[in-house]
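Have a look at the structure below before the remarks.
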Amino acid sequence: MESTDDKMERRLYSHDLAPLPKEMDLIFKTMPDRVDRPQYTQDVAQLVRKAISTKTPIVPRGAGTWGLGGSVPVKGGRTLDMTAMNKIISIDETNLTCTVQPGITWKALADALDAKGLFLPCYPSSAPSATIGGWIGTGGTGIGAYKYGTAADIVRDLEVVLPTGAVIHTGDKFVPQNGAGPNLNMLFIGSEGTLGVITEVTFSVMPKPEAMKAISYSFADIMRLQVALRKITRSEVRPMHMMFGDRLHYDYLRAVGKHAPSVGCLVTCMLTGSKASVEMEEKLLDEMMTSSGAKKEPDELGEHEWSERSYEFRVRELGVGAIPGEILVPIDRMNVVLEGMAKLIKQLKLNAPLIGTVADQNTVMFMPYYLTDEHKLVASTSAMGFAKRLGDLAQENGGRPVGLGVFFAGNLQKYRGKEGARLIRSIKDVLDPHGIMNPGKMVETGTRYGFAMPAFLMNFGMHMMGSMKRILPRDRIGERELSKLKK
Ligand SMILES: Cc1cc2nc3c(=O)[nH]c(=O)nc-3n(C[C@H](O)[C@H](O)[C@H](O)COP(=O)(O)OP(=O)(O)OC[C@H]3O[C@@H](n4cnc5c(N)ncnc54)[C@H](O)[C@@H]3O)c2cc1C
């Protein structure tokens with residue numbers, strides 16, 4: 001097993017997708033003291049036992065593509081880089097399951113399955129880099145969820161090294177977990193690396209569909225999308241995936257020289273099934289979309305959008321950071337939230353394009369991404385003010401932010417109620433009696449000084465960062481490129 005305390009390497013593990021300004025080190029010790037790259041379950045169990053004896057925090061990490069700080073230490077310790085555990089253990093073509101180590105990327109697995117005529121029911125759009133363990137750790141939704149379900153539906157069994165060093169299996173390899181006690185798979189799905197280290201995953205796969213067709217529709221304005229979604233979600237049509245972007249998203253793509261339409265909103269739906277069923281669904285979808293004010297775009301655009309589904313942040317080519325906020329919102333409230341979001345973006349003087357997906361029949365996932373200069377303290381910390389206000393907006397409308405991580409951990413009680421939060425804290429205490437497993441996340445926002453930051457203080461701080469942004473000049477990032485586009 002590789003292990004290093006090289007400062008340069010450790011620095012790479014002191015942030016995830018969303019860079020934290022250096023000044024955050026006043027509160028958190030984000031740089032791990034050591035980085036370990038286990039290869040086998042026994043390596044992980046051994047590291048956990050060592051951590052117990054030395055009272056050292058352990059932080060499981062996949063590819064670090066989540067932006068809420070889940071894989072970033074708050075009080076140093078050892079980061080377990082799981083990407084060396086990247087083997088496919090078995091692909092069972094008879095029972096349609098697949099068992100893998102957690103550090104494999106979705107893309108690598110999808111390619112291996114494809115060679116056998118098999119297909120992943122659901123995967124994140126960050127598939128080229130995100131790991132399977134990280135996806136399960138964050139609750140796992142994404143491409144395919146609308147038709148085939150999320151991690152909760154496709155995971156059959158997890159092997160987990162508990163914070164005591166014990167190794168357990170949470171389910172059965174071939175049958176789903178219903179009955180036989182509480183669902184242990186679900187205990188670890190979305191636990192953000194705080195209850196154990198996932199060392200092996202078994203999940204369902206599918207035969208590749210006979211036909212797949214991506215179709216794009218444009219709207220003059222994103223506010224018109226809700227009417228269409230109300231129709232589609234009540235119909236028998238089940239696209240595998242529905243994703244959309246707003247005008248600014250596509251304007252920015254064109255500004256960085258990419259092929260992108262000039263539209264108010266573009267929705268792309270992927271239909272899967274037999275040739276006949278895909279044809280029939282396409283007709284029904286056409287009817288629902290056009291009667292809601294959409295225009296059907298040429299097939300080539302649908303194909304292009306599908307091929308781009310994993311590259312949503314191309315606008316980073318402008319040389320800026322793109323910090324995503326992610327919220328889940330009931331479809332019924334989506335226009336109210338869109339209005340609130342536009343107001344927020346204006347108040348905070350941001351440039352924030354919007355992308356999103358239809359998560360299930362009741363829910364849309366909005367991912368506005370805020371363009372910033374990561375090297376400027378005020379600019380990047382104000383992103384937190386935006387994330388805080390965005391989370392509040394979602395909650396006021398029956399939704400919530402996707403995940404807790406470091407920044408929203410103080411809101412556990414807000415989302416789960418007093419007794420619900422108490423239960424989650426006691427589960428954490430029972431499973432992790434030594435407090436070594438990714439401490440300072442999910443149930444509290446820990447600090448480098450050993451005490452947790454009170455929720456009100458964290459929320460107040462994040463709110464103030466937004467207020468600070470309101471009095472600063474407007475962000476100008478990308479505006480030059482956009483104005484060239486308009487000429
Ligand atoms: C462009 C883009 C698109 C995205 N699209 C989606 C999407 O469609 N759906 C979606 O769900 N998310 C999406 N995300 C968020 C993120 O990519 C996913 O959550 C991803 O699956 C995280 O994987 P990772 O390997 O990067 O995990 P990391 O960021 O490294 O870790 C995430 C969390 O999981 C824990 N963890 C990691 N490995 C393990 C393990 N082996 N055992 C226990 N805990 C572990 C970590 O401690 C941390 O709390 C997107 C992000 C980006 C940047």
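Order of appearance sets the numbers: ligands from 1, and atoms from 1 within every ligand.
In this structure, L118 CG and M206 CE are separated by 9.5 Å, a value rounded to the nearest 0.5 Å. How far CD of Q395 is from CG of N411: 7.0 Å, rounded to the nearest 0.5 Å. A distance of 4.5 Å separates OG1 in T99 from NZ in K173, rounded to the nearest 0.5 Å.
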Practice problem: Any chance you could lay out the salt bridge (charged side-chain N to carboxylate O under 4.0 Å, His left out) test for E308 and K258, step after step, and finish with the verdict? | Solution: CA-CA 11 Å; E308 283 288 298; K258 301 296 165 198; over 6 Å; no
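M437 has its side chain within reach of P60: a pair of non-hydrogen atoms, C-beta onward, lies under 4.5 Å apart.
Residues meeting the salt bridge (charged side-chain N to carboxylate O under 4.0 Å, His left out) test with R425, sequence neighbours left out: none.
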For ligand 1, run through the N/O pairs with the protein that fall under 3.5 Å and put one pair on each line.
residue, atom, partner, partner atom, Å
ligand 1, 5 (N), S125, OG, 2.9
ligand 1, 8 (O), S125, N, 2.9
ligand 1, 9 (N), T141, O, 2.7
ligand 1, 11 (O), T141, N, 3.2
ligand 1, 11 (O), T141, O, 3.1
ligand 1, 17 (O), T65, OG1, 2.6
ligand 1, 17 (O), S126, OG, 2.6
ligand 1, 19 (O), T138, OG1, 2.9
ligand 1, 21 (O), W135, N, 3.3
ligand 1, 25 (O), A63, N, 2.8
ligand 1, 25 (O), T131, N, 2.8
ligand 1, 25 (O), T131, OG1, 2.6
ligand 1, 26 (O), A63, N, 3.4
ligand 1, 26 (O), G64, N, 3.1
ligand 1, 26 (O), T65, N, 2.7
ligand 1, 26 (O), T65, OG1, 2.6
ligand 1, 29 (O), T65, N, 3.2
ligand 1, 29 (O), W66, N, 3.1
ligand 1, 30 (O), G62, N, 2.8
ligand 1, 30 (O), A63, N, 3.4
ligand 1, 30 (O), G64, N, 2.8
ligand 1, 41 (N), I198, O, 3.1
ligand 1, 42 (N), I198, N, 2.9
ligand 1, 47 (O), P60, O, 2.7
ligand 1, 47 (O), G70, O, 3.4
ligand 1, 47 (O), N438, ND2, 3.3
ligand 1, 49 (O), G70, O, 3.4
ligand 1, 49 (O), E192, O, 3.1

